[in-house]
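What follows is a set of notes on a single structure, which appears directly below.
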Amino acid sequence: MTTVREATFDVLRRYGLTTVFGNPGSTEVALLTGLPDDLRFVLALHEGSVVGMATGWAIGHEAPALAVLHTTAGLGNAVGAIATARVNRVPLVVLVGQQDRRHLALEPFLTGHLSGLAGDYPVRVDQPVRAQDVPGAVARAFHEATTFRGPALVVVPMDDWGAPFSGETVAAPARMVRPASVSDDDLAPLVELLSAARSPAIVAGAGAGAGAGTGTGAGWDALVLLAERLGCPVFQESFGGRAGFPQDHPQYAGVLPADRVRLREALAGHDVVLAVGAPVFRQYPYAPGPLVAAGTSIAVITDDPAEAHRSPADLAYLASPSAVCARLTALLPPSAPAAERAPAELPAAGRAPTSGIPEPPAAERAPASGIPEPPAAERAPTTDIPELPPAGRPLRAAHVLRELALRLPADTVLVEETPSSRPDLHRLVPARTPLGFLSAAMGGLGFAVPAAVGLRMALPDRPVVAVVGDGSALYGVHALWSATHYRVGALFVVLANGRYAIMDRLADKQGGKAPWPPFTEVDMGGLARSLGCPARRVDSYDELTAALDEVLPSLAVREEPLLLDVTVTVDPDFQP
């Protein structure tokens, strides 16, 4: 007799969901005990890490990953990570355990009220009416997660797995085809708008870099060709989940400001602004006034319906950004020579200044010690390079990031979760591949450490580095055990200032005293070692460069994780 469990395993095999991320609970024992040899179970010690690692795996594979969660407590613990996956547009299939169907009406121990627990963040929540509907619900969850690029949940009572499944219908297509082509007639209004533009600009978002887990990616390639055809600057969307354009490209203009006043200033002089794979436009603090100056037209290309529907654009395309950009490039005439362009088209040195630490004179800049400097074409450009700290003075985040930038291989997957140091990271560590910058677009903490673990598991030949604040690392520290146990050779660079620096500064701006204390007693290296992960404390510039010179050259083949607990001081000029 075929069971629901066996039929579901066949569905998982069909769609490549053969790695199971989970933290087991009693409502999932009937599913997980005695897994077939071709299904791999990956243990995380907290449900936030379960979903975070699955999120990294899905980003690396550019395909849905599978997570299994316990009933109310497990799903509740994972809600923040589920929200991050949704805002980052990462497809997940999430199986959630439930009490035995036969006495749910009596609400026995571990009964979960699960349908609304994750709010609106899942793209679908399914509670199959019959046990025999579970395999079809899992197949549909795969399709929903892929189409809407987010987590799809299936709630399964514990007794369903042993129910008979013979001659049943799976209510989902075996194969889904999603054509991505666009017609020239549909593109005609956008071709007309861009052809007439005197000084266009592009805003690249996370959606422009999607579909590129293992290479430079069709999305990046298409957008680069379009930008070069237009000869215009390309800004990165603010608070994006990944880089949408190569940040070492001469036309890269920096990260777009996240408030309306500075946004209008940045886009001043551009008569047409094209957002690709990004909303129009992501903001943080509220400021009155329009998004752009009068006379500026806005167009958006995105495959996210919600993003398209809420964007205040003159023209919106709900379509594949890669397909649209590729066809636009073929239809548009070549851009005017540089001498004929409007002055605002290209920023100085190919990028917008983002303030911070001024660049010292060339004679005072610190050489890259310990390793030979690579050719200019292979080197990550670093602007506004900070001077070395005087002897005995603490490191600043910019010092650490500068040394990383000088040493990181071009194909490094870099995961960021250091809010008070993000401007320095954007300024000093340009993304040279679509996965050269990844972050939690939702803004919550706990993404970087588990995501880095899942990414390295998915991409075992790529170097993976997580740059994390100590406050952020505490939210996902459990994943270090999984990194160690499964021999995941990622590097975790923790910038430890012993406080929530960004919150301290926001409190200062609010004009009041912050009620929260620093947490200088926390020893990130000690926590890592308690979870089996090797760790090294770094207090000086020499210790930093020695550690990076030792680890980074062999990071792509490393099988043991390492946490660098780097003591840094808060930048006195930092403004959130």
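In this chain, numbering begins with 1 at the start of the sequence shown. Fair warning: this is a prediction, and the values are worked out from it, not measured in the lab.
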| Reference residue Phe41; test side-chain contact (heavy atoms from CB on, under 4.5 Å); the match among Val68, Thr19, Leu32 | Leu32

| task | Would you mind telling me which of Val170, Asp160, Val11 makes a side-chain contact (heavy atoms from CB on, under 4.5 Å) with Val134? | result |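 With Val134 as partner, Val170, Asp160, Val11 yield a single side-chain contact (heavy atoms from CB on, under 4.5 Å), made by Asp160.
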
| request: State, with a plain yes or no, whether a side-chain heavy atom of Ser26 is found less than 4.5 Å away from one of His70. | output: yes

| task | Would you check, one step at a time, whether the test side-chain contact (heavy atoms from CB on, under 4.5 Å) holds for Phe21 with Met457? | result | CA-CA 12 Å; Phe21 295 91; Met457 294 179 78; 4.2 Å; yes

Distance-only, no hydrogens or angles: does the [X] side chain make a donor-acceptor pair with backbone N or O of [Y] under 3.5 Å?
X: Arg13; Y: Asp38; answer: no
X: Tyr317; Y: Asp186; answer: yes
X: Arg5; Y: Ala30; answer: yes
X: Arg558; Y: Val488; answer: no
X: His485; Y: Trp481; answer: no
X: Arg407; Y: Leu552; answer: no
X: Glu28; Y: Val96; answer: no
X: Glu417; Y: Phe447; answer: yes
X: Asn23; Y: Ala44; answer: yes
X: Gln98; Y: Thr71; answer: no

| Passes side chain to side chain donor-acceptor pair (under 3.5 Å), Gln99 versus Thr111? Steps please. | CA-CA 5 Å; Gln99 245 288 3; Thr111 298; 5.4 Å; no

| request: Please identify each residue that fulfils side-chain hydrogen bond (donor to acceptor under 3.5 Å, both in side chains) with Thr412, with sequence neighbours left out. | output: none

Flag the pair [X] and [Y] as a salt bridge only when some basic side-chain nitrogen lies within less than 4.0 angstrom of an acidic carboxylate oxygen.
X: Asp133; Y: Arg140; result: no
X: Asp304; Y: Arg149; result: no
X: Glu62; Y: Arg242; result: yes

How long is the span from the [atom1] atom in [X] to the [atom2] atom in [Y], to the nearest 0.5 Å?
X: Ile59; Y: Leu92; atom1: CD1; atom2: CG; value: 9.0 Å
X: Leu35; Y: Leu12; atom1: CG; atom2: CG; value: 9.5 Å
X: Leu110; Y: Thr72; atom1: CG; atom2: OG1; value: 8.0 Å
X: Leu226; Y: Arg327; atom1: CG; atom2: CZ; value: 13.0 Å
X: Glu416; Y: Phe437; atom1: CD; atom2: CZ; value: 4.5 Å

| task | Please report the C-alpha distance between Thr84 and Thr55 in whole Å, then the side-chain angles of each, then the deciding distance to 0.1 Å, and finally whether the side-chain contact (heavy atoms from CB on, under 4.5 Å) criterion is met. | result | CA-CA 9 Å; Thr84 294; Thr55 299; 5.7 Å; no

Closest heavy-atom pair and its distance - [X], [Y]:
X: Gly471; Y: Leu445; result: O-CD1, 4.3 Å
X: Ala204; Y: Leu223; result: CB-CD2, 3.7 Å
X: Pro64; Y: Thr146; result: CG-OG1, 3.3 Å
X: Leu555; Y: Arg456; result: O-NH1, 3.1 Å
X: Trp220; Y: Ala243; result: NE1-O, 3.3 Å
X: Pro450; Y: Gly476; result: CD-O, 3.9 Å

Considering residues, nucleotides and ligands other than [X], do more than 12 of their heavy atoms fall under 6.0 Å from its [atom1]?
X: Phe9; atom1: CZ; value: yes
X: Arg175; atom1: CZ; value: no
X: Tyr121; atom1: OH; value: no

| said: Check the orientation of His478 and His46. Use parallel for under 30°, tilted for 30 to 60°, and perpendicular for over 60°. | reply: parallel

| Set of side-chain contact (heavy atoms from CB on, under 4.5 Å) partners for Pro173, sequence neighbours left out | His143, Met176

| Qualifying residue for salt bridge (charged side-chain N to carboxylate O under 4.0 Å, His left out) with Asp159, from Arg130, Arg101, Arg102 | Arg102

| message | Between Arg462 and Thr433, is the side-chain contact (heavy atoms from CB on, under 4.5 Å) condition met? List the steps. | response | CA-CA 12 Å; Arg462 295 276 294 272; Thr433 71; 3.5 Å; yes

| said: With side-chain contact (heavy atoms from CB on, under 4.5 Å) as the criterion, how do Leu474 and Leu527 come out once you've worked through the C-alpha distance, each side chain's angles and the decisive distance to 0.1 Å? | reply: CA-CA 9 Å; Leu474 288 169; Leu527 287 172; 3.6 Å; yes

